[in-house]
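The basis for the numbers below is simple: all heavy atoms, side chains too, and nothing from hydrogens, waters or symmetry mates. As the structure is a computational prediction, the values presented were derived from the model and not from experiment.
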Amino acid sequence: MAGGVGSRFWPMSTAERPKQFIDVLGVGRSLLQLTYERFKSVCPDDNFWVVTNRSYAALVHEQLPQLPTDHVLLEPCRRNTAPCIAYVSWRIKNLDARANIVVTPSDHVVTDPVEFRRIINLGLKFTSETDAIVTIGIKPDRPETGYGYIQADLTSSSARNKELFRVDSFREKPDAQTALGYIRQKNYFWNAGIFLWSVETIINAYRIYCPGLTRLFDSLKPVLGTEKEQEAVDRLYPDCQNISVDYAIMEKADEIFVCPADFGWSDLGTWGSLKMHTKRDLYGNACIGPDIELYDSHDCIIHTMQEKRVVVQGLDHYIVAEKDGTLLICKLSEEQRIKQFIEGQK
């Protein structure tokens with residue numbers, strides 16, 4: 001899923017080029033390209049599908065030229081994750097009714113790709129043998145209020161795989177006190193938004209829980225994979241209910257299992273989270289750029305990929321970021337206010 005928009009990493013990310021298309025980590029590859037690389041040994045290029053907004057089509061083709069052109073599906077408007085996943089599921093079933101699917105956001109980071117692939121392959125084996133849905137739950141290391149949580153029944157695991165447990169419930173982003181309670185109970189995990197299922201399982205779930213979306217995508221079946229597909233999608237997609245797959249299906253379905261995992265995951269929602277996933281010096285500073293010097297500075301993140309030399313002195317707990325002639329200098333604690341201010345100017 002690569003249709004998200006936002007300015008969380010302004011001035012690097014913008015509505016025209018959101019974070020999935022930028023080199024947030026300073027490694028020479030965008031988050032979308034890093035997501036592709038994580039799955040290269042899981043499936044061949046012909047089995048990759050990208051769903052994105054039509055305004056980002058050129059970016060996807062530029063960054064992933066190896067993918068089949070018709071495997072980049074274009075949404076004419078944003079309707080959240082349930083229609084997005086339905087669209088690609090109907091499209092895949094049109095080619096292979098026995099397909100096994102992983103759905104993942106394109107703008108997250110994983111620091112242990114080997115463990116990630118092990119977990120994904122484990123889940124795919126399970127969904128190929130059952131009619132269950134599997135979601136990935138990240139083992140929390142702090143009472144995070146920015147993530148949704150998955151409550152698992154850890155009293156007994158699946159008979160087929162000891163690393164999979166039934167889901168008791170999905171919980172919305174909690175306040176600080178509630179999040180602390182989740183951590184203490186040991187059976188709550190961060191919801192990474194990564195889902196595994198067979199195409200038959202997920203389409204059956206849509207038929208049960210989302211009859212409106214089912215009717216709409218069933219009506220598209222005659223044109224899927226033809227030159228008439230885009231015109232029909234452009235015409236009908238705005239009629240889709242604007243709803244997440246969590247609300248539409250995950251919170252209603254019965255056969256849902258969670259695989260608790262620890263592979264260095266983050267959704268990189270803030271400059272602060274990027275700092276946590278970047279190598280830091282003895283003073284807690286994270287530097288992403290070709291030539292950065294810090295003096296008398298602590299717990300800062302400096303992201304200046306386009307500057308030849310950057311010297312910072314006397315800053316504590318600050319963001320310094322530059323892109324295309326725009327420079328941001330602000331306190332880490334104030335980044336949310338800055339984001340709201342920038343979005344308010346649009």
Side-chain angles (χ1 to χ4, degrees), residues 1-5 15-18 20-21 30 32-33 35-36 39 42-107 127 133 193 195-245 247-249:
M1 296 180 290
V5 64
E16 293 74 28
R17 198 179 187 94
Q20 63 266 31
F21 300 111
S30 70
L32 174 65
Q33 291 169 320
T35 302
Y36 162 76
F39 282 95
V42 175
C43 65
D45 286 348
D46 286 349
N47 288 4
F48 277 85
W49 295 79
V50 177
V51 187
T52 190
N53 188 274
R54 65 186 311 158
S55 60
Y56 303 143
L59 283 170
V60 174
H61 291 302
E62 171 194 324
Q63 296 193 2
L64 298 177
Q66 64 272 48
L67 300 193
T69 301
D70 64 344
H71 282 210
V72 179
L73 305 184
L74 306 180
E75 299 174 291
C77 57
R78 294 178 180 87
R79 284 295 181 266
N80 217 313
T81 55
C84 162
I85 292 169
Y87 182 14
V88 72
S89 298
W90 259 258
R91 188 72 163 77
I92 290 172
K93 187 178 182 182
N94 194 51
L95 295 176
D96 182 1
R98 297 174 58 83
N100 214 13
I101 300 175
V102 184
V103 175
T104 181
S106 61
D107 58 353
T127 56
I133 291 172
F195 310 112
L196 302 90
W197 42 50
S198 71
V199 70
E200 181 180 11
T201 294
I202 190 57
I203 287 183
N204 283 343
Y206 274 97
R207 294 197 186 285
I208 296 169
Y209 303 112
C210 303
L213 287 176
T214 297
R215 286 192 295 272
L216 187 146
F217 285 101
D218 274 347
S219 73
L220 286 171
K221 282 196 294 186
V223 300
L224 291 177
T226 74
E227 60 184 15
K228 297 179 180 179
E229 175 181 331
Q230 192 62 57
E231 183 278 329
V233 169
D234 289 348
R235 176 167 40 84
L236 295 177
Y237 206 83
D239 294 334
C240 289
Q241 182 182 6
N242 189 339
I243 188 171
S244 73
V245 74
Y247 282 127
I249 291 175

Closest non-hydrogen atom pair between [X] and [Y], with its separation:
| X | Y | value |
| --- | --- | --- |
| Pro76 | Pro238 | CG-CD, 4.4 Å |
| Gly193 | Pro105 | O-CD, 3.3 Å |
| Gln20 | Ser106 | CB-OG, 3.5 Å |
| Ala205 | Ile249 | CB-CG2, 4.0 Å |
| Gly4 | Tyr56 | O-CE1, 3.7 Å |
| Glu229 | Arg91 | OE1-NE, 2.9 Å |

Any side-chain heavy-atom pair of Gln63 and Tyr36 under 4.5 Å: no
Residue pairs passing the side-chain hydrogen bond (donor to acceptor under 3.5 Å, both in side chains) test where at least one lies in residues 92-105, sequence neighbours excluded: Asn100-Thr127
Passing candidate, side chain to side chain contact (heavy atoms under 4.5 Å, CB included) with Leu74, options Val233, Val50, Asn53, Thr52: Thr52
With sequence neighbours excluded, residues passing side chain to side chain contact (heavy atoms under 4.5 Å, CB included) with [X]:
| X | answer |
| --- | --- |
| Glu75 | Val51, Cys84, Tyr237 |
| Arg215 | Pro211 |
| Thr226 | Val223, Lys228 |

Test salt bridge (Lys or Arg N to Asp or Glu O under 4.0 Å) applied to Glu200 - qualifying residues, sequence neighbours left out: none
What's the spacing between [X] [atom1] and [Y] [atom2] if we round to 0.5 Å?
| X | Y | atom1 | atom2 | value |
| --- | --- | --- | --- | --- |
| Leu59 | Leu32 | CG | CG | 9.0 Å |
| Asp107 | Thr35 | CG | OG1 | 7.5 Å |
| Ile101 | Ile133 | CD1 | CD1 | 11.0 Å |

Residue pairs fulfilling ring-ring contact (aromatic ring centres under 6.0 Å, His included) with at least one residue in residues 63-86, sequence neighbours excluded: Trp49-His71
Plane angle bin for Trp90 and Tyr206 - parallel if under 30°, tilted between 30 and 60°, otherwise perpendicular: perpendicular
